[in-house]
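The model shown is predicted, which means the values in this text are computed figures rather than measured ones. If you read the sequence from its start, that first residue is 1, and numbering goes on from there. For ligands, and for the atoms within them, numbers begin at 1 and follow the listed sequence.
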Amino acid sequence: MNVIRTVKELRQAVAEAKAAGMKVGLVPTMGALHAGHVSLIDRARRECDFVVVSDFVNPTQFNNQQDLLTYPRTEEADCEKMERAGVDVAFIPTVEEIYPEPDTRQFDLGPVAEVMEGAMRPGHFNGVAQIVSKLFAIVEPDKAYFGEKDFQQIAVIRRMVELEGFSLEIVDCPIMREPDGLAMSSRNVRLDAEHRALAPAINRVLRESLDYAKKHTVAETERFVTDKINSTGDLETEYYRIVDALTMQPVDPQAKPAKGMVGCVTVYCGGVRLIDNIKY
Ligand code: PAF
């Protein structure tokens, strides 16, 4: 595996792979790799000839400085995992390499980025669009891989791709879970033992809501999930919204949850902000 830290070297490595007729796959990450990331890499490995993984904690997508400062950074362990997974290039740049000057671009991401995470974390999706568009422009991958845990993020990235006219396939990959159902996340390492034991309730309640939803409306199902999670220890739901799975827009609250809708939840668990979702 080639560890590359500069944009120039990355461009060169990718150009050589393309000149040899290789199909290029990109897996953008912020490091602190876990089995969820490895599943994205495995999929890229199966579908592409040359796999690039970026490992970069992107400061422009953090609207909370404390979150940025405490974001786990595990470069050595990441490199071992990438090497084992058969990655060709690990791109691990510095902030100065990616942003030699401030990125002032404002993307017109529209309604898809205005709700849920977009409303709770102002500027977050613009920062995601900045870094992902930079990576797409440098690597020009045939395919890029993203995990469905960040369901709304994928919808936003599709919108950015449309806006910028990139020609690539966005591949969304299923959420990987711990045996007790907790969605894998780099933030899980910040949970203390008490909250690690509470956190699986999030997915458990989401799964229970599938049954509940058969006889109840969207509004009732949203209330069911919120109340049940909030009554588990000190878990606190920031929002639970059942939305259109393509546009991320609210659906009729009096309709029954149905195919094509996704429920997205954010929960504070002992100071750690966890997200998860479920398809109806
Ligand atoms: O999902 C993430 O880890 C990040 O938002 C991404 C897509 C790597 C951009 O920094």
Nearest protein heavy-atom contact for atom 9 (C) of ligand 1: which residue, which atom, what distance?
Gln61 OE1, 3.3 Å
Write out the residue and atom name of the closest protein heavy atom to atom 3 (O) of ligand 1, then the distance separating them to 0.1 Å.
Met30 CG, 3.7 Å
Which segment of Thr29 sits under 4.0 Å of ligand 1 when only heavy atoms are counted:
backbone
Are Gln130 and Thr60 linked by a side-chain donor-acceptor pair shorter than 3.5 Å?
yes
When you compare the side chains of Thr266 and Tyr239, does any donor N or O come within less than 3.5 Å of an acceptor on the partner?
yes
Mark yes or no for whether Asn230, through its side chain, and Thr237, through its backbone, hold a donor-acceptor pair below 3.5 Å.
yes
Output yes when a side-chain donor or acceptor of His37 lies under 3.5 Å from a complementary backbone atom of His34, and no otherwise.
yes
Mind checking whether Phe224 and Tyr212 have parallel, tilted or perpendicular rings, split at 30° and 60°?
parallel
In terms of atom number and element, which parts of ligand 1 are under 4.0 angstrom from non-hydrogen atoms of [X]?
| X | value |
| --- | --- |
| Gln153 | 1 (O), 2 (C), 4 (C), 5 (O), 7 (C) |
| Ile131 | 9 (C), 10 (O) |
| Pro28 | 8 (C) |

